[in-house]
Amino acid sequence: MLDLMTAEFDLDASSTAPSKEELLARVADGDQSAFGELYDQIAPRVLGLVKRVLIDHAQSEEVTQEIFLEIWQTASRYESQRGGASTWIMTMAHRRAIDRIRSSQAGRDRDTKIGIRDFAVPYDHVAETVEVKIEHERVEKAMSRLTELQRQAVSLSYFSGYSHREVADHLHIPLGTVKTRLRDGLIRLRDELGVVS
Amino acid sequence: MTGTDKPGNDLTGNGSADNPADLAGAYALHALSADEAAEYERYLARSEQARIEAAELSDTAVALGLSVAPVQPSSPLKASLMAQLATTPQLAPLTPAADAVTPAETAATTDAPPAAIPIGSASARGSVTAASAPVSSVDPGAGVEQGSAGDPSAAVKGSAGGAAAARAQRRWFQRPAGYLVAAAAAVALFVGGTFAGQALYGDPSQDFAQEQAASLAEINAAPDSQRASTQTADGQAATLVWSGELGLSAIIVDELPALGDDQDYQLWYIGAAGPVSAGTFDSDGSGTAWRVLDGTMSAGDTVGVTVEPAGGSEQPTSDPIVAIQS
């Protein structure tokens, strides 16, 4: 469960606004206005992440649409005891973005388009709000505690959508080494960020 | 500074290719192939400790995702989504137990420590055993999501064979009345109840509104769906969405000014043969006005909007306020 994220999210919602968890429960009952409200609350986060991975705006909007349809369809499967609604949605969003890269020409086109991106520092956007800026800086600081090799592997996977095999190919290192870097890197991040399940 | 000094980490070993625990990081980052992920999930099913790690690392990955700057979606995206809800069935809960979680309980468990960072707070700790795995990974039912890439309806098909799917189907097909209401609601929500200026609640126009909502959804869901945006002469954002395969298009304009009773907006397909009327509409001047065009779009057609006497004209009698080429 990502309580710290939930708390962070509360900053940008007025105190009377229903929580995402409440909205999701109403969505599960077929409440379209709750869906609209949930969309307003989190769609920019979802699109931000998807676009970070896919780069192309039009394609990112398509995937965002798929994600929200999946939220509509599967809201009843969300289990609040397993974590916050933001966590559920952002996990789904990332998986969908990755699926898009893997399932089509999109990934290769994208590679052609962007070339080899700067992966060492995955922050090329200017944070738009105080909340995002704080979160961004917190994560950036945590990322800075990783070794360069861990940071590279984690960024290539998460932000550039490389599979662990592609990371190994790209960096010319054994797959086992990539696995270790990804796991150790995330564990380090988890500890730095204080994520407790 | 590698993090391997963490006690819980012992079973990582040194990265031996055969140790499924090594896949924890790649799994949380969605960096595994479907086969590899399935293998890891079989391992998760056997190991409580691995499930805890998987949940934590998945949450850590989410923290990365939340650090990305938000990007505001275009307004047609929401309009399109809302229009599609009416025709998109929802899955039933996997288990009756899932139903038992009320919103109040939800709020209590997830928002309990609203202040600062609740590291190791009692409630968070307490949920460790319940939160046995990242959402959508281990649970065989939730696993259908994994296979639904690129096709939202696959999530429904994917659950076939289960009683849940049957329930979902029943629930959906047994409420035709709900469909009508839902379609109208989808439209009303977006255009502030003034859908294309036509009386939404009149008898024939409700069917019209429903057709319009279904068509907009269809256009957006088409594999070749495309869109182009521009501004009207007065600077309102206008977007054309279309599908060449379907031969359909829809125009969406923000804050389109209201016209007097004696005038309507008229849509035109402008191709090699000159302008062909594609219907009229109105706007109440606030929110988003949109309309699926009548007739068939041909590749390369330009869609134009003119202001015409009420009821429309045979041919445009004024300059278009906006024209967008498909």
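Chain letters run A, B, ... following the sequence lines, proteins first and then strands; every chain starts at 1. Values below: all heavy atoms of this structure, side chains included; hydrogens, waters and symmetry mates excluded.
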Just jot down the side-chain contact (heavy atoms from CB on, under 4.5 Å) partners of Glu62(A), sequence neighbours excluded, or say none. Arg100(A)
Qualifying residues under side-chain contact (heavy atoms from CB on, under 4.5 Å), relative to Asp35(B), sequence neighbours excluded: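 Listed in chain order: Ser33(B).
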Measuring heavy-atom distances to chain A, does Glu36(B) have an atom under 4.5 Å in its side chain, in its backbone, in both, or in neither?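 Looking at Glu36(B), just its side chain touches chain A.
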Any Lys/Arg nitrogen of Arg95(A) or Asp99(A) sitting under 4.0 Å from an Asp/Glu carboxylate oxygen of the other?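 Looking at Arg95(A) and Asp99(A), the cut-off is met.
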Name the orientation class of the two ring planes belonging to Trp88(A) and Tyr78(A) (parallel below 30°, tilted from 30 to 60°, perpendicular beyond 60°).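 If you compare the ring of Trp88(A) with that of Tyr78(A), the planes turn out tilted.
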Choice from [options] maximising heavy atom contacts with chain B below 4.5 Å:
options	result
Asp40(A), Leu47(A), Leu49(A)	Leu47(A)
His164(A), Arg181(A), Arg165(A), Glu166(A)	His164(A)
Ala75(A), Ala93(A), Pro174(A), Ser163(A)	Ser163(A)

Highest number of heavy-atom pairs under 4.5 Å with chain A: which of Pro73(B), Ser225(B), Ala24(B), Ala26(B)?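 Sorted descending by pairs with chain A, the first entry is Pro73(B).
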With respect to chain A, which residue among Gly25(B), Ala31(B), Ala28(B) yields the maximal number of heavy-atom pairs within a distance under 4.5 Å?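 Looking at each of Gly25(B), Ala31(B), Ala28(B) in turn, Ala31(B) comes out on top.
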What part of [X] gets closer than 4.5 Å to chain B, counting heavy atoms only: side chain, backbone, both or neither?
X	answer
Ala58(A)	neither
Leu189(A)	both
Phe68(A)	both

Distance-only side-chain donor-acceptor flag, Asp59(B) / Thr87(A), under 3.5 Å: no
With the side chain counted from C-beta on, respond yes when Leu57(B) and Val195(A) share a heavy-atom pair under 4.5 Å apart, and no when they do not.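 No, their side chains stay 4.5 Å or more apart.
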First locate atom CD of Glu56(B), then atom CG of Asp191(A), and finally report the distance between them rounded to the nearest 0.5 Å.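 One finds 8.5 Å between CD of Glu56(B) and CG of Asp191(A).
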